[in-house]
Amino acid sequence: LNIDFEKIDERTGKHFVEFIRELSVECRKNGIVLSVDNYPVSGGAIWYNRREQAVYADYVILMGYDEHWGSGGEAGSVSSIDYVESGITGTLEYVPAEKLINGIPFYTRIWKTTGTEVVGESVGMQAAAAFVADNGIQTQWQEAECQHYGEIQKGDTLYQVWLENYDSIKVKLDVMKTYDLAGVAALGVNQRPHVAQHPLLGVLPDGAGVDDDHVRALLAVRNLIAHFAQHPPQKLGVRFVLLAAVGVHKGQTGFLRPLG
């Protein structure tokens, strides 16, 4: 069971934590694994009380994306590597590594800047790659973000994109491996794969149809799962991971899947 309550404030924070406490009791009675989604640590997110969450929930999930959001007024990466790592280290001050799952995006945003108006459209990995190809955009690897970046000017509008693909996701997974986290989560928005079958689908959960780059990204996630599985936490005896093979194609978060 995954809980995703957002915009918790000072007034509702204590009630949210009490809800997690009471819910955890019922989950344990029924053999249900409980996880709770969280923003990266910041002044406005202190009311989530991650330390208490880690006591009662089986896993705390860090939403390591939406560094820049569609209506935020500033174009930028959805999940740069510094954002990912600082989110992990900040959360580890409250949550032990064996209970922390980091969420990665299987989406990005195409940014349109016209004058002072900045708008970001959420698109899947495949759609972003198609936008780059269709517009003949030459992307370059940016070490600061650990992502491929490209832009194009059309009339008065500047289009920008920081791609999420195999390369960017692999760097994120390497960071997670360094901190020996409990697992990986994935969130995908508006995925519309055009490939119904793929030679690698046999190793992917639920036989999801995806393009080559998406398959490589999922396989990178799968390799990290194998690493996590070598060091199962004592409490449950098995690592869990949120895989988005179903949810990524429905604009939803994936589902908890046991590794064994």
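For Phe5 and Tyr48, the gap between ring centers reaches or exceeds 6.0 Å.
Using modelled atom types, one finds a donor on one side chain and an acceptor on the other under 3.5 Å when comparing Asn2 with Ser35. Glu67 and Ser80 share a donor-acceptor pair across their side chains, judged by distance under 3.5 Å alone. Counting only N and O atoms by type, the side chains of Tyr94 and Asn38 include no donor and acceptor under 3.5 Å apart. Under 3.5 Å, the side chains of Asn102 and Lys172 contain no donor-acceptor pair of N or O atoms. Side-chain polar atoms of Gln153 and Tyr159 form no donor-acceptor pair below 3.5 angstrom.
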Item to check | Derivation of the side chain to side chain contact (heavy atoms under 4.5 Å, CB included) call for Tyr107 and Met125 | outcome: CA-CA 5 Å; Tyr107 71 96; Met125 293 164 56; over 6 Å; no

Next on the checklist: If you apply the rule side chain to side chain contact (heavy atoms under 4.5 Å, CB included), what do you find for Ile81 with Val175, and how did you get there?
Outcome noted: CA-CA 8 Å; Ile81 195 61; Val175 169; 3.6 Å; yes

Checklist entry - Under the side chain to side chain contact (heavy atoms under 4.5 Å, CB included) criterion, do Met63 and Asp4 qualify, and how do the steps go? => result CA-CA 10 Å; Met63 297 185 288; Asp4 185 1; 4.2 Å; yes

Next on the checklist: Run Leu62 and Val95 through side chain to side chain contact (heavy atoms under 4.5 Å, CB included) and show every step you take.
Outcome noted: CA-CA 10 Å; Leu62 171 62; Val95 179; over 6 Å; no

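In this structure, the side chains of Thr178 and Glu85 stay at 4.5 Å or more apart for every pair of heavy atoms. Ser168 is not listed as a side-chain neighbour of His148, based on a closest heavy-atom distance of 4.5 Å or more. Looking at Trp141 and Asp167, their side chains come closer than 4.5 Å, going by heavy atoms from C-beta outward. In this structure the side chain of Lys154 reaches within 4.5 angstrom of the side chain of Ile152, judged on heavy atoms. For the pair Asp66 and Arg109, the minimum side-chain heavy-atom distance is below 4.5 Å. Side-chain atoms of Tyr83 and Ser77, non-hydrogen and from C-beta on, never get closer than 4.5 Å to each other. Annotation: side chain of Leu158 is in contact with side chain of Glu151 (closest heavy-atom distance under 4.5 Å). The shortest distance between side-chain heavy atoms of Thr139 and Val132 falls below 4.5 Å.
Atom CG of Leu173 sits about 9.0 Å away from atom OH of Tyr166, to the nearest 0.5 Å. The line from OH of Tyr56 to CZ of Arg51 is 13.5 Å long, rounded to the nearest 0.5 Å. Expressed to the nearest 0.5 Å, how far CG of Asn49 lies from CD1 of Ile8 amounts to 12.0 Å. Taken to the nearest 0.5 Å, the CD atom of Glu52 stands 9.5 Å off from the CD atom of Glu18. A distance of 12.0 Å separates CD of Glu145 from CG of Leu163, quoted to the nearest 0.5 Å. A distance of 14.0 Å separates CG in Leu92 from NZ in Lys99, rounded to the nearest 0.5 Å.
Using a 4.5 Å cut-off between side-chain heavy atoms of Ile, Leu, Val, Met, Phe, Trp and Tyr, with links allowed through other members, Val25 and Ile3 fall into different hydrophobic clusters. Both Tyr149 and Val118 belong to a single network of hydrophobic side chains, linked directly or stepwise wherever heavy atoms of I, L, V, M, F, W or Y lie under 4.5 Å apart. No continuous path of ILVMFWY side-chain contacts below 4.5 Å connects Val123 to Trp69, so the two sit in separate hydrophobic clusters. Taken together through direct or relayed side-chain contacts under 4.5 Å among Ile, Leu, Val, Met, Phe, Trp and Tyr, Phe106 and Leu181 form part of one hydrophobic cluster.
In this view, Tyr179 satisfies the ring-ring contact (aromatic ring centres under 6.0 Å, His included) rule with no residue, not counting sequence neighbours.
Scanning both residues, Gln53 and Phe16, for their nearest heavy atoms gives NE2-CE2, 3.6 Å. Scanning all heavy atoms of the two residues, the minimum distance from Ala128 to Thr108 falls at CB-CG2, 3.5 Å. Here the closest non-hydrogen pair linking Pro96 and Ala54 is CD-CB, 4.0 Å. Considering all non-hydrogen atoms of both residues, Gly150 and Ile137 come closest at CA-CG2, 3.7 Å. Closest heavy-atom contact between Tyr65 and Ile104: CD2-C, 4.0 Å. Heavy-atom minimum distance, Leu34 versus Cys27: CB-SG, 4.1 Å.
When each of Ile61, Thr91, Asp180 is tested with Leu100 by the rule side chain to side chain contact (heavy atoms under 4.5 Å, CB included), just one qualifies, namely Thr91.
Environment of CG in Asp156: sparse, with no more than 12 heavy atoms of neighbouring residues, nucleotides or ligands closer than 6.0 Å. The environment of Glu6 atom CD is dense: over 12 non-hydrogen atoms of other residues, nucleotides or ligands sit within 6.0 angstrom.
Using a distance-only test at 3.5 Å, with no hydrogens or angles considered, a donor-acceptor pair links the side chain of Trp111 to the main chain of Gly76. Put simply, the side chain of Ser79 gets close to the backbone of Gly64: a donor and an acceptor are under 3.5 Å apart. Using modelled atom types, one side-chain atom of Asp9 and one backbone atom of Arg11 make a donor-acceptor pair closer than 3.5 Å.
Val119 shares a hydrophobic cluster with no other residue; no ILVMFWY side chain has heavy atoms under 4.5 Å from its own.
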